[in-house]
Amino acid sequence: AGTLGAAAAQSGRYFGTAIASGKLGDSAYTTIANREFDMVTAENEMKIDATEPNRGQFNFTSGDRVYNWAVQNGKRVRGHTLAWHSQQPGWMQSLSGSSLRQAMIDHINGVMGHYKGKIYAWDVVNEAYADSGGGRRDSNLQRTGNDWIEVAFRTARAADPAAKLCYNDYNIDNWTWAKTQGVYNMVRDFKSRGVPIDCVGLQSHFNSNSPYNSNYRTTIQSFAALGVDVQITELDIQGGSATTYANVVNDCLAVPRCTGITVWGVRDSDSWLGANTTPLLFDSSGNKKAAYTAVLNALNGG
Ligand code: G3I
């Protein structure tokens, strides 16, 4: 197959990208995005600050712009993200205790209600684990009680039973890292107690401090063995190594429950990391990079 989406579809997988609503008027951007990808994540537009700028007043203008572009072009959508310590609107940052807990629940219901039946998978909870030590990250949400994550998932299941519910995080790619083990233990606990969780999102932002490691396949296999799908949700590789990109794709293809890959932007110039880090599959002029060819070949079985 000649595009990333079509090549991934040969094995029943998807290949997605993050889309920024502000770039939908850039035809060079939309031409590549529309041609190559069959799954879309809104880069910022479905986050808490964007969708509930004032408590109880929801705004889906930008989120719907991304959603409608995707669906009108035949793509599915991943929802990102409902409960997160970052990108909270000011009103939420100032809440604590039971009022914050209720605001989290109301937010999940409001956003998932708006998109009910329309989203392939939601990143229900994002980045709840600390960078080291294997425990929870301190945050206003964590201080509402350790059960906030399972409350978020139970709320999400009731709000939209059709959506897959994911836990999404970075630096949980390396199987030997304490953070990976912390999240793994949480998912195992949730599965054993019947807390509704369907998928784990490995963000997979690779750089010199958190490089790709060949135990990535073990990480994917280990999560999948718990009975959840694994999705690679925000892939970028600083420097753009074609070999590393191929390794990531081959590791996903090796695990049946690794169901899709999303790169975190279209061209290098679209990356949150800055164009000079060259982390994506297209250069800033929109040309296919060696990494693109490596990914396409891997998806095609070569
Ligand atoms: O929209 C405003 C604009 O009005 C203003 O002029 C400009 C000035 O800085 O800021 C714009 O907002 C920025 C927004 O991106 C849209 O470009 C924010 O400052 C900036 O913080 C925000 O960065 C986003 C970041 O999440 C925030 O946490 C990145 O685009 C986005 O790629 C990044 O994505 C995250 C995932 O959600 C979670 N995992 C990590 C990943 C990378 O950090």
Side-chain angles (χ1 to χ4, degrees), residues 16-26 29 33 37 39-53 59-67 69-70 77-90 92-93 107-108 111 119 121-131 137 139-141 149 152 165-174 177 179-180 183 199-210 212 230-240 248 260-282 284:
T17 187
I19 290 287
S21 60
K23 292 177 179 164
L24 289 174
D26 173 350
Y29 175 82
F37 302 101
M39 184 71 77
V40 162
T41 305
E43 188 171 0
N44 289 292
E45 294 79 354
M46 294 187 192
K47 291 174 178 175
I48 314 172
D49 56 356
T51 52
E52 196 177 358
N59 184 334
F60 298 108
T61 308
S62 300
D64 285 353
R65 202 169 285 151
V66 175
Y67 176 85
W69 181 84
V77 176
R78 296 189 78 265
H80 176 79
T81 179
L82 298 166
W84 190 20
H85 67 278
S86 184
Q87 280 180 283
Q88 291 182 1
M92 185 178 276
Q93 292 176 35
H107 181 78
I108 293 170
V111 178
I119 299 291
W122 270 106
D123 293 330
V124 177
V125 172
N126 198 38
E127 302 175 358
Y129 273 74
D131 288 340
R137 173 193 300 278
S139 71
N140 61 349
L141 289 164
I149 297 180
L165 307 181
C166 302
Y167 176 81
N168 190 53
D169 214 331
Y170 63 88
N171 285 1
I172 57 168
D173 316 292
N174 188 319
W177 287 13
K179 185 172 179 179
T180 310
V183 173
C199 36
V200 170
L202 307 180
Q203 292 186 9
S204 304
H205 295 290
F206 291 116
N207 56 57
S208 55
N209 293 320
S210 52
Y212 169 83
V230 178
Q231 302 172 10
I232 298 172
T233 52
E234 304 181 15
L235 177 63
D236 48 33
I237 300 170
Q238 289 196 40
V248 169
I261 299 173
T262 295
V263 288
W264 205 239
V266 178
R267 303 160 301 192
D268 286 335
S269 50
D270 302 315
S271 172
W272 69 291
L273 295 164
N276 59 337
T277 66
T278 63
L280 294 173
L281 301 179
F282 294 87
S284 295

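Side chains included, hydrogens not; waters and symmetry mates left out as well; all remaining heavy atoms used. Counting starts at 1 for both ligands and their atoms, following the listed order.
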With sequence neighbours left out, write down each residue that passes salt bridge (Lys or Arg N to Asp or Glu O under 4.0 Å) with Asp236, or none if nothing qualifies. none

Indicate whether any N or O donor in one side chain lies under 3.5 Å from an N or O acceptor in the other, for His205 and Glu234. yes

Only counting residues at least two apart or in another chain, list the ones meeting salt bridge (Lys or Arg N to Asp or Glu O under 4.0 Å) with Arg65. none

With sequence neighbours excluded, residues passing side-chain contact (heavy atoms from CB on, under 4.5 Å) with Ala20: Lys23, Tyr29, Glu43, Glu45

Show me a pair-per-line table, with atom names and distances to 0.1 Å, of protein N or O atoms that are under 3.5 Å from an N or O of ligand 1.
unit_1	atom_1	unit_2	atom_2	d
ligand 1	26 (O)	Lys47	NZ	3.1
ligand 1	28 (O)	Gln87	OE1	2.9
ligand 1	30 (O)	Glu43	OE2	3.3
ligand 1	30 (O)	Asn44	ND2	2.9
ligand 1	32 (O)	Glu43	OE2	2.4
ligand 1	32 (O)	Trp264	NE1	2.9
ligand 1	34 (O)	Trp264	NE1	3.2
ligand 1	37 (O)	Lys47	NZ	2.7
ligand 1	37 (O)	His80	NE2	2.7
ligand 1	39 (N)	Glu127	OE2	2.8
ligand 1	39 (N)	Gln203	OE1	3.0
ligand 1	39 (N)	Gln203	NE2	3.4
ligand 1	39 (N)	Glu234	OE1	2.6
ligand 1	39 (N)	Glu234	OE2	3.4

Hey, are Arg137 and Asp169 close enough for a salt bridge, meaning a charged N less than 4.0 Å from a carboxylate O? no

Report yes if the side chains of Gln231 and Thr262 come closer than 4.5 Å at any heavy-atom pair, otherwise no. no

